[in-house]
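Data block below; observations after.
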Amino acid sequence: MNDRMLVHKVYHRLSLLCLTPHTLPFKPVQFPSALSPAHVRARPLNGTVRSLRTTAVMATSRLRNLVPVNAVASEDGSGGASNGSVSSTAATTALEDEDSTLGVRYRLPPQEIKDIVDAPPLPALSFSPHRDKILFLKRRSLPPLAELAKPEEKLAGVRIDGKCNTRTRMSFYTGIGIHQLLPDGTLGPEIEVHGFPDGAKINFVTWSPDGRHLAFTIRFDEEESTSSKLKVWVAQVETGIARPLFKSDEIFLNAVFDNFVWVNDSSLLVCTIPLSRGDPPKKPWVPFGPKIQSNEQKSIIQVRTFQDLLKDEYDEDLFDYYATTQLVLASLDGTVKEIGPPAVYTSMDPSPDHKYLLISSIHRPYSFIVPCGRFPKKVDLWTADGKLIRELCDLPLAEDIPIAINSVRRGMRSINWRADKPSTLYWVETQDEGDAKVDVSPRDIIYTQPAEPLEGEGPMILHKLDLRYGGISWSDDSLALVYESWYKTRRTRTWVISPGSNDVSPRILFDRSSEDVYSDPGSPMLRRTPAGTYVLAKVKKENEEGTYLLLNGNGATPEGNIPFLDLFDINTGNKERIWKSDKEKYYETVVALMSDEKEGDLPIDHLKILTSKESKTENTQYYILSWPEKKAFQITNFPHPYPQLASLQKEMVKYQRKDGVQLTATLYLPPGYDSSRDGPLPCLVWSYPGEFKSKEAAGQVRGSPNEFAGIGPTSALLWLARRFAILSGPTIPIIGEGDDEANDRYVEQLVASAEAAVEEVVRRGVAHPDKIAVGGHSYGAFMTANLLAHAPHLFSCGIARSGAYNRTLTPFGFQNEDRTLWEATSTYVKMSPFMSADKIKKPILLIHGEEDSNPGTLTMQSDRFFNALKGHGALCRLVILPYESHGYASRESIMHVLWETDRWLQKYCVSHTSTVNVDPDASKDNSGTVSKDSESKAIAASGGSGSEVSNTEHEGFDSLPRINC
């Protein structure tokens with residue numbers, strides 16, 4: 001959950017920003033004004049609904065030519081690109097008037113927001129196996145909606161681009177630059193990978209084990225079908241010269257599941273489309289019979305609300321058509337050999353000594369109620385040239401995995417090669433039938449076995465676990481670390497074992513709560529072996545005995561994270577802190593070990609690490625830090641992505657909930673803001689709740705006050721440019737101590753946390769108490785709707801993106817709730833803002849992707865919630881984004897979301913004047929909800945409509961049509 005609360009930072013680092021007109025290879029085409037790129041439904045003040053349905057069917061070839069820049073209506077309604085921001089009330093009214101005459105069109109946000117989103121993207125970095133070269137992988141901007149609008153097949157939980165024979169919505173690189181990492185830490189001149197046609201989309205860039213070659217795929221957007229399919233290319237690292245791997249023009253990559261893997265320095269195993277494959281199966285005009293599912297065996301099968309599942313026999317045939325792969329062994333010298341029969345291969349893993357292949361595949365019978373990850377699974381062991389040695393397992397269809405957290409599939413799972421051995425397998429088997437509710441000891445057993453065991457030699461038990469298996473870090477026969485954990489208790493343990501000795505008893509190294517970030521000792525760093533695997537990095541001190549590991553930790557403290565690197569004696573438990581972040585101004589982290597290419601223990605004086613460094617105002621740069629001098633060499637000099645916000649103000653604030661739980665949040669203020677001079681600002685609170693087992697853990701500080709403010713394309717921090725105060729990620733802990741279930745007191749704790757956050761920003765004088773908005777995405781949207789229902793006195797309006805609002809539609813669990821609707825009916829109902837739609841009187845903006853694939857957040861959730869709100873006279877607006885999934889990707893959609901959000905904030909937060917006086921003390925019952933009597937009085941005081949906005953202010957909104965496109 002903590003990772004989700006930091007997603008805006010990660011999203012910034014990995015996000016793709018948008019195209020500019022001069023980079024487009026074809027002439028922009030404007031949307032006809034009659035077409036509506038977004039569904040917008042509004043509920044007017046007077047309770048009537050004016051609706052207009054316009055259906056536009058556009059061929060794929062036409063959608064290809066729709067370009068985001070001129071297809072987006074500008075602020076002045078001209079349909080062209082905007083030359084400046086328009087933020088006045090008059091401009092807003094003009095836009096609403098245009099909605100009534102032209103229909104709803106994609107909009108651009110104010111210029112100060114648009115400029116940040118349009119900032120050039122930074123490249124991704126990839127280091128060579130020997131750590132002597134760096135790839136700069138150049139990235140594109142936000143994709144146009146036309147790319148998302150391409151046909152896709154939704155099969156078995158997978159969305160497939162039939163034209164490319166890969167997953168849909170794949171991002172790509174536009175170029176590859178190679179730099180030598182010089183001894184002084186500087187970069188040599190760029191060698192550009194060249195030889196492929198201009199406009200190629202590059203994916204799956206990988207180094208050969210010896211670092212002398214790169215392999216990658218290219219594709220194009222062409223009408224002719226074969227041009228869109230992926231071809232494998234290879235490039236020489238020294239020269240940058242690239243060429244196709246296959247001499248034949250008829251061999252294409254099948255990347256629905258796996259793609260390709262280096263099996264040695266000069267050969268690749270490639271998933272290809274079978275040459276004998278014909279045209280896709282045709283859907284019969286008349287079905288062969290009804291669709292029938294049966295449970296006459298009375299099996300207990302509980303599944304969550306998975307999406308994009310197979311529906312009938314035609315879907316099964318279509319899934320087989322696109323997913324079936326022919327494996328091909330291809331050498332750099334042009335030799336090509338098909339190995340194995342065509343099948344639905346899902347993964348291929350060469351052994352460290354390159355003698356064997358671990359091949360996984362799925363097969364029929366398929367299922368209509370679970371995705372392909374639960375289909376029957378077969379794991380085989382092959383020789384490197386494709387001869388079957390033996391079948392390791394053939395697992396049956398797994399529709400009946402219990403919904404309890406930590407439940408798993410029965411049979412062999414997590415089958416892998418030992419990283420420290422040439423060709424030794426290990427795997428795990430559950431002892432509780434995969435059901436986390438079954439109390440048994442041991443719960444998991446880890447087995448190991450050579451690839452080709454001697455006759456009569458069975459698997460050897462490596463270790464037994466009472467919690468759920470979580471992985472192994474290998475070193476050698478004398479040392480490996482085994483991890484186990486259990487969600488219900490948050491317990492996590494690390495074991496020290498000696499894989500090659502039965503005489504040495506396993507011992508516990510760490511036994512702690514996963515929630516207790518202050519006690520986190522860090523994670524052991526791994527080094528790359530010559531075979532290309534990763535093992536524990538053991539360090540040796542000069543003239544000293546002992547086995548030392550490198551522990552890389554976040555360093556959580558009450559003052560924020562102070563990352564560290566410890567030298568840890570695994571035998572005595574003694575630690576020596578050999579590096580830590582500068583806590584006064586900067587936030588630094590250890591990214592990777594750079595001195596890892598040699599065998600044996602690493603002398604401490606030869607240690608070399610890659611670090612990142614940033615501050616509140618300085619964006620992330622990367623450094624090489626070398627021992628013993630610990631001298632740092634800066635290897636990147638990325639420009640500030642949004643210099644207009646370089647002097648923003650950031651502070652980590654602490655405050656207390658009324659039940660004594662300590663809370664934290666990050667407060668951002670606009671550049672140049674002075675509270676004594678400028679007074680309180682409108683404020684946007686953006687958060688995401690999390691579950692905890694203890695008050696102490698919930699109150700711990702996470703994050704750092706010195707981290708750079710990463711701003712993604714839909715980040716709440718964009719409104720710093722609009723002079724908002726932003727309270728980002730205030731902790732909303734939902735605590736269930738002991739045997740208590742956290743969600744049984746969800747509403748009460750949610751409201752208490754929000755009250756504490758609002759009181760803090762008001763106390764500081766940075767937020768106007770009548771101009772505080774709340775928002776969130778996914779579970780944060782669920783939070784937003786609940787707060788408007790149960791704490792209307794706190795917020796002027798809300799923004800809820802891609803949420804779920806009726807928990808009875810997810811009856812077999814949601815988020816971290818693993819009780820069913822029938823086991824916790826009251827909790828499901830009380831938590832559902834849909835059930836409290838009659839209590840929501842503050843303006844709420846609902847946004848949802850029309851093709852949301854996330855389990856639980858079906859688009860229907862927002863549609864039905866909007867209808868419930870409208871049926872009770874709520875001031876609400878629903879925006880459905882065509883072709884978008886759970887997160888929004890296209891430039892048109894993202895810009896429109898920002899426009900909608902800014903419009904909502906300007907109208908119902910900045911310009912908000914409260915006419916409904918809700919007394920928080922008098923109007924709340926024990927659960928934090930507003931009583932119906934107090935609501936009635938408040939509504940009567942405002943004229944009986946239940947809305948705080950006057951008719952005059954609402955006229956433009958009243959005329960917005962409902963348009964389907």
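Interatomic distance, L881 CG to L148 CG, rounded to the nearest 0.5 Å: 10.5 Å. Here the straight-line distance linking atom CG of L794 with atom CD1 of I772 works out to 8.0 Å at 0.5 Å rounding. Here the CD atom belonging to Q861 is positioned 11.0 Å from the CG atom belonging to L846, to the nearest 0.5 angstrom. Going from atom NZ of K163 over to atom NZ of K229 covers 9.0 Å, rounded to the nearest 0.5 Å. For the atom pair T174 OG1 and K201 NZ, the distance stands at 11.5 Å (nearest 0.5 Å). Taken from CZ in F782 to CG in N806, the straight-line distance is 9.5 Å, to the nearest 0.5 Å.
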| Checking side-chain contact (heavy atoms from CB on, under 4.5 Å) for the pair I160/T166: CA distance, chi angles, key distance, verdict? | CA-CA 6 Å; I160 300 172; T166 184; over 6 Å; no

| request: Output, in order, the C-alpha distance, side-chain angles, deciding distance and verdict of ring pair (Phe, Tyr, Trp, His ring centres under 6.0 Å) for Y642 and F708. | output: CA-CA 12 Å; Y642 20 88; F708 181 70; 5.8 Å; yes

| said: Applying side-chain hydrogen bond (donor to acceptor under 3.5 Å, both in side chains) to Y888 and S802, what does each step give before you reach the verdict? | reply: CA-CA 10 Å; Y888 318 136; S802 299; 2.6 Å; yes

| task | Give the C-alpha distance, both sets of side-chain angles, the deciding distance and a yes or no for side-chain contact (heavy atoms from CB on, under 4.5 Å) between V117 and L142. | result | CA-CA 9 Å; V117 178; L142 290 171; 3.9 Å; yes

| task | Apply side-chain contact (heavy atoms from CB on, under 4.5 Å) to F172 and R140, showing your working. | result | CA-CA 7 Å; F172 57 87; R140 67 166 181 174; 2.8 Å; yes

| Worked check of side-chain contact (heavy atoms from CB on, under 4.5 Å) between H872 and I840 | CA-CA 9 Å; H872 289 89; I840 296 179; over 6 Å; no

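Under the 3.5 Å distance criterion, the side-chain polar atoms of Q649 are matched with a main-chain donor or acceptor of P670. Side-chain atoms of H777 come within 3.5 Å of backbone atoms of H886 as a donor-acceptor pair (strictly under, hydrogens ignored). Side-chain N or O atoms of K138 include none that pairs as donor or acceptor with a backbone N or O of P123 at under 3.5 Å. Side-chain atoms of R801 come within 3.5 Å of backbone atoms of T714 as a donor-acceptor pair (strictly under, hydrogens ignored). Formation of a donor-acceptor pair under 3.5 Å by the E884 side chain with backbone atoms of A889 is found in this model. Looking at R723, its side chain never comes within 3.5 Å of a backbone N or O of L669 through a donor-acceptor pair. The backbone N or O of C164 sits nowhere less than 3.5 Å from a side-chain atom of S228 that would complete a donor-acceptor pair. Remark: the backbone N or O of N203 is paired with a side-chain donor or acceptor of T217 at under 3.5 angstrom. Checking side-chain atoms of K842 against main-chain N and O of L788 turns up no donor-acceptor pair under 3.5 Å. At distances below 3.5 Å, not a single donor-acceptor pair connects side-chain atoms of S687 with backbone N or O atoms of G729.
Residues satisfying the ring pair (Phe, Tyr, Trp, His ring centres under 6.0 Å) test with F814, not counting sequence neighbours, are Y828. When the side-chain hydrogen bond (donor to acceptor under 3.5 Å, both in side chains) test is applied to W719, the partners found at least two apart in sequence or on another chain are D902. With sequence neighbours excluded, the residues forming a salt bridge (Lys or Arg N to Asp or Glu O under 4.0 Å) with D308 are R159, listed by chain and number.
Here the side chains of L718 and I711 are in contact, with some heavy-atom distance below 4.5 Å. The side-chain heavy atoms of K283 and L318, taken from C-beta on, include no pair separated by under 4.5 Å. Within the 4.5 Å cutoff, the side chain of L809 has heavy atoms near those of the M860 side chain. Residues P197 and I218 form a side-chain contact, since some pair of their non-hydrogen atoms from C-beta on lies under 4.5 Å apart. Within the 4.5 Å cutoff, no side-chain heavy atoms of S796 are placed close to those of D770. No side-chain heavy atom of P641 sits less than 4.5 Å from a side-chain heavy atom of I116.
Ring geometry for F834 against F865 counts as tilted: the plane angle lies between 30° and 60°, on a 0 to 90° scale.
Between E900 and R107, no side-chain nitrogen of the basic residue sits less than 4.0 Å from a carboxylate oxygen of the acidic one, so the salt-bridge criterion is not met. Ion pairing between K650 and E707 fails under the 4.0 Å rule for side-chain N and carboxylate O.
Closest approach of L684 and F724 over heavy atoms only: N-CD2, 4.0 Å. Shortest non-hydrogen contact noted between V879 and H896 is CG1-CD2, 4.1 Å. Minimum heavy-atom separation, Q307 to T857: NE2-C, 4.2 Å. Between S885 and S853 the shortest heavy-atom distance is OG-OG, 3.1 Å. Taking all atoms of both residues into account, the shortest heavy-atom contact from Y908 to C797 is CB-CB, 3.8 Å. The minimum heavy-atom distance linking Y322 with V256 is given by the pair O-CG2, 3.6 Å.
A side chain to side chain contact (heavy atoms under 4.5 Å, CB included) with Y805 is found for exactly one of S832, S836, P833, namely P833.
The closest side-chain donor-acceptor pair between E147 and S890, if any, does not fall under 3.5 angstrom.
For R169 and Y883, the positive end is not near the middle of the six-membered ring at less than 6.0 Å and at most 45° from its axis.
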